[in-house]
Asker: 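The structure follows.
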Number of protein chains: 2
Amino acid sequence: MQLRRLERQPQAFGNAGSITPSEIHTIEGIGYEGAILMNELATRLGVTKGAVSQLIVRLESKHLVTRSSYPHDSRATLISLTEKGKEAYQAHEEMHIQFYDQLRSQLSEQEIEIFEKCIGKLNDFLQK
Amino acid sequence: MQLRRLERQPQAFGNAGSITPSEIHTIEGIGYEGAILMNELATRLGVTKGAVSQLIVRLESKHLVTRSSYPHDSRATLISLTEKGKEAYQAHEEMHIQFYDQLRSQLSEQEIEIFEKCIGKLNDFLQK
DNA sequence: TTAATAAGTTTAGATACTAAACTATAGCTA
DNA sequence: TAGCTATAGTTTAGTATCTAAACTTATTAA
């Protein structure tokens with residue numbers, strides 16, 4: 001329920017203005033350095049290529065990502081982060097790290113280890 | 001990500017036909033026995049009263065809940081589950097129990113205990 | 001008896017998807 | 001090499017889930 005709630009609120013990441021949860025997930029999926037094909041990105045995010053296409057249009061209009069052509073196949077499109085996109089990426093990463101640090105300050109090494117194992121099991125179930 | 005995906009797919013619960021995630025959450029929020037005011041339900045689900053109002057319209061049209069008047073205040077409406085709604089509730093509970101059993105079969109008592117503690121901490125953070 | 005408040009409903013708009021039709025390129029095959 | 005099929009990505013129409021704000025009706029308090 002808490003996650004559900006969290007996953008709805010737009011947030012500001014860095015200088016990039018208000019970014020929706022799906023937008024930041026997409027930025028996270030593209031990755032800091034690399035360029036990625038639409039297709040791969042869709043697979044990585046677990047959504048259809050149509051969904052990704054729409055997101056990219058929006059992120060492009062916000063100047064967070066750019067498209068470039070893929071040398072070996074002129075049908076394909078490579079997506080990569082702009083400087084502004086990278087800022088958002090890093091601000092988001094920073095948030096993750098802080099979050100993790102906070103959690104770690106309240107739990108022992110061993111507890112974290114078990115927690116991660118349990119999350120892994122949970123994930124296996126959810127995949128089915 | 002897995003939760004995100006799971007939280008989108010409609011499912012069948014009992015004889016109640018296809019029920020969306022939000023619908024089953026609402027049913028869960030109403031509770032098996034009691035009757036609840038719109039307002040309380042909205043608070044319990046962590047959404048606006050407008051959202052609940054819309055959900056209740058849909059659930060009523062599917063014959064899963066009924067409205068009745070609140071004796072002490074004629075502005076207020078009590079919501080409760082119909083027989084069909086209760087079936088869906090129980091089928092969903094059953095699913096939770098099975099899920100929990102499966103998880104328990106793969107983890108020790110102690111691991112579960114720590115896991116629950118960590119989830120609690122996580123929840124505290126998310127609330128902020 | 002107004003005036004302000006509270007319970008629900010309605011409406012318009014945003015977000016986040018999917019499925020399916022579509023465009024354009026690639027690559028095989030006869 | 002002409003033609004068929006497969007693939008990459010885009011577009012469109014539709015659905016689900018929500019919010020904010022305007023609204024209706026009933027309550028309460030001055």
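Every chain is numbered from 1, with letters handed out A, B, ... down the list of sequences. Side chains included, hydrogens not; waters and symmetry mates left out as well; all remaining heavy atoms used.
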Asker: Taking only N and O in the side chain of Thr48(B), is any of them less than 4.0 Å away from OP1 or OP2 of dT19(D)?
Answerer: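 Result: yes.
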Asker: Between Lys84(B) (side chain only) and Lys62(B) (backbone N and O only), is there a donor and an acceptor less than 3.5 Å apart?
Answerer: yes
Asker: Nearest whole Å is fine: how far is dT18(C) C1' from Gln9(B) CD?
Answerer: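 Whole-Å distance recorded here is 12 Å.
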Asker: dT17(D) phosphate, OP1 or OP2: any side-chain N/O from Arg58(B) under 4.0 angstrom?
Answerer: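 Yes, such a contact exists.
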Asker: Considering only heavy atoms, which members of residues 23-46 of chain B lie under 4.0 Å from some atom of DNA chain D?
Answerer: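 Close to the strand, none.
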Asker: Which part of the nucleic acid, if any, lies within reach of Pro10(B) when heavy atoms closer than 4.0 Å are counted: base, sugar-phosphate only, or nothing?
Answerer: nothing
Asker: Rounded to the Å, how far apart are Ile56(B) CD1 and dA7(C) P?
Answerer: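 For the pair Ile56(B) CD1 and dA7(C) P, the rounded distance is 16 Å.
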Asker: Please tell me if Thr20(A) has a side-chain N or O lying less than 4.0 Å from either OP1 or OP2 of dA16(C).
Answerer: yes
Asker: CG of Leu55(B) versus C1' of dA16(D): gap in Å, rounded?
Answerer: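 Distance, rounded to whole Å: 10 Å.
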Asker: In terms of heavy-atom contacts, does CD of Glu93(A) have more than 12 from other residues, nucleotides or ligands at under 6.0 Å?
Answerer: yes
Asker: Tell whether Gln54(A) reaches the base of dT18(C) with its side chain through a donor-acceptor pair below 3.5 angstrom.
Answerer: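 By the distance-only test, yes, there is a pair.
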Asker: How are the rings of Tyr70(B) and His72(B) set to each other: parallel, tilted or perpendicular (split at 30° and 60°)?
Answerer: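 Rings of Tyr70(B) and His72(B): perpendicular, as their planes differ by over 60°.
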Asker: By the rule that ILVMFWY residues connect when side-chain heavy atoms come within less than 4.5 angstrom, directly or transitively, which residues belong alongside Leu55(B)?
Answerer: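 For Leu55(B), no cluster forms, as it stays isolated from other hydrophobic side chains.
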Asker: I'd like to know if Arg104(A) pairs up with Glu109(A) as an ion pair, taking the criterion as any Lys NZ or Arg NE/NH1/NH2 lying under 4.0 Å from an Asp or Glu carboxylate oxygen.
Answerer: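 Looking at Arg104(A) and Glu109(A), the cut-off is not met.
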Asker: Has Arg44(B) got a side-chain atom pairing as donor or acceptor with Gly29(B)'s backbone, closer than 3.5 angstrom?
Answerer: yes
Asker: Lys49(B) has an atom NZ; how far is it from atom P of dT25(D), in whole Å?
Answerer: 15 Å
Asker: Using a cut-off of less than 4.0 Å, is there contact between a side-chain N or O of Ser22(A) and OP1 or OP2 of dT15(C)?
Answerer: no
Asker: Both Arg8(B) and Val57(B) contact DNA chain C. Which one's nearest nucleotide lies toward the 5' end?
Answerer: Val57(B)
Asker: Listed in order of residue number, which residues of residues 59-82 of chain B have a non-hydrogen atom at under 4.0 Å from DNA chain C?
Answerer: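 Here the set is Arg67(B), Arg75(B), Ala76(B), Thr77(B).
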Asker: With distance as the sole test, does Glu111(A) use its side chain to make a donor-acceptor pair with the main-chain N or O of Ser108(A) at under 3.5 Å?
Answerer: yes
Asker: Using a 4.0 Å heavy-atom cut-off across all strands, classify Arg4(A) as base, sugar-phosphate, or nothing.
Answerer: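 Sugar-phosphate contact only - Arg4(A) comes under 4.0 Å of backbone atoms but never of a base.
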Asker: What is the distance, rounded to the nearest whole Å, between atom CG of Leu6(B) and atom P of dA16(D)?
Answerer: 17 Å
Asker: How are the rings of Phe115(B) and Phe115(A) set relative to one another: parallel (under 30°), tilted (30 to 60°) or perpendicular (over 60°)?
Answerer: tilted
Asker: I'd like to know if the side chain of Ser69(B) pairs up with that of Arg75(B) as donor and acceptor (distance under 3.5 Å, no hydrogens or angles considered).
Answerer: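 Checked: Ser69(B)/Arg75(B) side chains show no N/O donor-acceptor pair below 3.5 Å.
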